[in-house]
Amino acid sequence: MCYLKIMPELKLFIVIGLVVLCIVHRVRSIRFILEDDDNDETVTMAPPKANLGECVFDKRVRELGAIWTPDLGPPIGILACMRCKCVPFQKKKRIVARVQCYSIKNQCPVPSCDEPVVLPGRCCKTCPGDISPDENQDIIPPPVVEPEEKNNKHFVALLTGRSSLSAKNEYGKPISDLNKNNVVATGRFNVHKRNLYYSFYISENAARPQSLQFLDDKGNILEEFTLSHSGGFVNSLYQNASRKVCGVWKRLAKDYRKLLKQEKMYAMLVWGVKDQAEFTLSGQILKNSALQTELLSALLEPAPGTDTLSMTGAGGTAIVSISTSVTPSINVAIIFNGLFLHSEVSSAPINITLSMDEKKQLVLQEIITVSKPATDINVVNVSATITQAHLRYLTRGRILLSVSSVSKPEGLKLSGNVMTKASCEIFQSTLSSSNTANPDGVSGMAWLYLNNAGSLIYNIQIDKLPPKENPPIITLIDLSTKKRTELEDLTPYFHGDGWANGTLEKLTPRVLEPLYAGDLAINVATTSDNSLIKGKLIAKPVDEARDAPAPYLLKREYMNLSTATVGLAWISVDNDCHLHYDVSITGVGPERKMELWMELYPIIAPGAPFIIKDLDTFNGNSVEGSPVEVLSREELTRLQNGVNFLKVKDTHSKVVLLLATITKVSIPPPCRPYVPTENSILSLYDNLPQIITTGECFFEEKFYKHEEVWVSSKNPCQMCYCQNGNPKCDMMPCAQSSCPAGKKITIEGECCPVCVNNSIPAREYNGQKCTLSGKSYLPGTKFHPFMIPYGFDLCTECYCDPKDYEIRCTRLNDNEKICCKNCKKPDANDPMSDDIAPEDRNNGKSVKDHGSEYSKKETIAAKILEEGGCKNPNNAKKPFPNGSEYHPYIDSLGEYKCVTCKCENGTPQCSRQHCDMPTCKKLQDFKKKKEKINSSDFCCSLKDCRKLRHKKKHSMTS
């Protein structure tokens, strides 16, 4: 809530400005306190939607504790005497962030001189040497990693029904426990660059949870994330393959990082719909030193045959570390509950065993005493030496871990297979040359991950590989040894199209250990080079961007760069319709400042409209982020169905350094655009629905702008124009011609034949033509003019004069009822009129009898043209004065009011009137009154008005 104290004389001005601020800058909630001498007034603005735990102000995300000076923009500008702060606010059982603004005028000190001044951008009057409280106007906690976070960035949680946290909904009511299948879950958490990455393993007999909540030790909800759609659906290739739940809490506030460090934060998984949860699992988020070396994990559930009643809500998790040295060893840290009798309050023994799940052969057995048994959390550690064969069984998920009570071993027992590490991680690398011997510019990328069965799924792309070097030799190599040991040969899985996709099912410890240690690399060799390109695999936590099905290869676009320059980009859209990106680059110096841009096209075609998005500015080898703005419908449509380009540019030269083609971006169901039915007019453009909204027309594989006129590239007799995104075409009729026999010729690319007389040779007239309405005509051609929006005017005939390449048009009077509905009667009183009065015609006078009048008109016309006037194509004796506005006159239509022209220094500048709602309303009124509609008075038809109303209604609903 924002409280503002405002001077009486500035009430209206400041309130209006801050109301605009609240709307434009997306402030959650703001309250103004208007003070005058008599009374107080309070105005409360409804808050726009924003995320929990952070404030969005002026399109900037600010964490709890941030302080800044509000800027209202013009005409008000910066409010130097105001400060805004992002503060926590209790809303039922949730902790949400609010923007709180206050005045600092009462904090101004007494000046130390007689004539203090207010410096620009400051609030308080100061004297030289005075310290003012308004010096720091924007205090935002810097994104630095605190020393203690470097050592305490890995956390673990056991989520069961025996958590010390009392599960309540946001109204404070207990949540019913319907965990009939005794579901158990374990979580891993990693803090990196102020982001909290989370991963969960859940019992196989449970559906995917609906949401995840982070809470403090009092049960207040700090943040909440939706994990699945209705029916437990999740649009994630990695999460479905690994059976994990993954995500990230971005910009974790400093206060919350402190709670995490103090082990005062809890995680809760919720099944069921909002406010009607079926059951929940919760657990305290703990530190554990074994997480630093974890390679495998285990989820422990009540074993078959145990006491169901006694084991309700019980569970455990294990953190497994191994060493593949000369003497292999294993270390297991176990977090568990539910294995103690009520009488066991101290020094309770438990039995820990590792055994082959098939042969029942014991690998390890040890009894450990728990000094102080607890209801929710107990932690024990066990270490032992094992054989190389046991290590192989461990990495293949064939070792069973069991923890049981010594007092009641069969009734109180937890067990589970040792399996893939619980953390959600992708292993990725760019592939580039380490030397200059790469004339073809070969590059590539690779990304790998472990599935639920412990198999390694790998995907490798190689670009610009010469055919003579195909297939290459692709291997996994261990960089921790001096000999660069080759561990696996991936060449058999190379498809010849630049891709190698496959699965290593029997993963060995010698691959797993260097993989997690960051010592595993991809090497691509050829017959002429034993290391053409290679790249070291780096573990990356799965987040919104890296949860996409696959990354895109950023290829070198600027050839002056080293051939070692290559990039890898992840692009995704979340359920809230925000774009997420993660880019890694190799071969660009750390000092170069770069920009990340995206261009979105509906299709690659000449004239295609595109949207430009300025994503980020960075230097170094990587950049990731997400714009605050939600993607528009046009942008979502183009990401899903169009062709888009991700560009890395040099900030100074604006040269494109790297480029990736982005297609078929997966759009979540809540963000998917409207898909028209087969009977809809839009179904013809179902791949390009945004064309209708932007005004461009797509015709014959090319885009045309609104109101643009063109001739079909396939049929020279078809002429079209673009109106509100719809191409409208008309077939060109050929004018009647009295051309003598043998003088009519047809030229390729022309619709109508041209008449060639004896004085004009049948050639192309040095390429000169006449042009009208976007179409060129050969000299000697007769044609009907094309008029928007009516098509070809059959009541007017034009002629391209070969003498001066001027177009001369005449009215056809064959059918006065059809062609002259709007023709004006001659006005003999008009001094500039060339028409002869009817009475003069009846008296038999000819045009020559009016010679003196014509001479006068010619003098006036010449003077107008000298002063910058414009020629009148219908009447040479009546030019348009410079600066005048007029509607063109068409014989068959009369005054063409859809177009307004202005004469500017001899050049007419014309523009069409757009079809708008007031015009449609006027047209509808004419129809209701059943009055005769003059088509030249309106610039749109009733059909156009129906489309306009539908478009407006659809845009309001979307």
S.K.: With under 30° as parallel and over 60° as perpendicular, where do the rings of F698 and F703 fit, or are they tilted in between?
M.R.: tilted

S.K.: Taking side chain as C-beta onward, heavy atoms only, is P908 less than 4.5 Å from Y886?
M.R.: yes

S.K.: A side-chain contact here means heavy atoms from C-beta on lying under 4.5 Å apart; do F786 and V711 qualify?
M.R.: no

S.K.: Let me confirm one number: the CE-CZ distance from M719 to F792, rounded to the nearest 0.5 Å.
M.R.: 5.5 Å

S.K.: Checking C870 against C901 for the disulfide (SG to SG under 2.5 Å) test, could you report, in this order, the C-alpha distance in whole Å, the side-chain angles of both residues, the deciding distance, and whether it holds?
M.R.: CA-CA 10 Å; C870 300; C901 298; over 6 Å; no

S.K.: What is the minimum heavy-atom distance between I667 and V573, and which atoms define it?
M.R.: CD1-CG2, 3.9 Å

S.K.: Is the side chain of Q723 donor-acceptor paired with the backbone N or O of K728 at a distance under 3.5 Å, no angle test?
M.R.: no

S.K.: Can you tell me how far the SG atom of C770 sits from the CG atom of D804, to the nearest 0.5 Å?
M.R.: 8.0 Å

S.K.: Within the structure provided, determine whether P602 and N641 are in side-chain contact (heavy-atom separation under 4.5 Å).
M.R.: no

S.K.: Under a 4.5 Å cut-off applied to non-hydrogen side-chain atoms, are C752 and Y777 in contact?
M.R.: no

S.K.: Applying salt bridge (Lys or Arg N to Asp or Glu O under 4.0 Å) between E595 and each of K649, K613, K654, report the one that passes.
M.R.: K654

S.K.: With heavy-atom distances below 4.5 Å as the criterion, would you say the side chains of L579 and V665 are in contact?
M.R.: no

S.K.: Over 60° means perpendicular and under 30° means parallel, so classify the ring planes of F645 and Y601, tilted if in between.
M.R.: perpendicular

S.K.: Would you say T900 and E885 are linked by a side-chain donor-acceptor pair, where the criterion is simply a distance under 3.5 Å?
M.R.: no

S.K.: Under 6.0 Å between ring centres: does that hold for Y704 and Y721?
M.R.: no

S.K.: Side chain to side chain contact (heavy atoms under 4.5 Å, CB included) between V630 and D576: does it pass, once the steps are laid out?
M.R.: CA-CA 7 Å; V630 174; D576 295 322; over 6 Å; no

S.K.: Look up atom NZ in K705 and atom CD in E696, then write down how far apart they are to the nearest 0.5 Å.
M.R.: 8.0 Å

S.K.: Can you see which heavy atom on C903 is nearest to which on N882, and at what distance?
M.R.: O-OD1, 3.2 Å

S.K.: Looking only at side chains, do Y581 and D616 share a donor and an acceptor under 3.5 Å apart?
M.R.: yes

S.K.: Could you check whether any side-chain heavy atom of M598 comes within less than 4.5 Å of a side-chain heavy atom of L646, counting everything from C-beta outward?
M.R.: yes

S.K.: Is there a side-chain contact between P670 and C577 in this structure, where contact means two heavy atoms from C-beta onward sitting under 4.5 Å apart?
M.R.: no

S.K.: At their closest point, which heavy atom of C809 faces which heavy atom of T796, and how far apart are they?
M.R.: CB-CG2, 3.9 Å

S.K.: Do the non-hydrogen side-chain atoms of P609 and R638 ever get within less than 4.5 Å of each other?
M.R.: yes

S.K.: For N715, enumerate each residue passing the side-chain hydrogen bond (donor to acceptor under 3.5 Å, both in side chains) test, keeping only those at least two apart in sequence or located in another chain.
M.R.: none

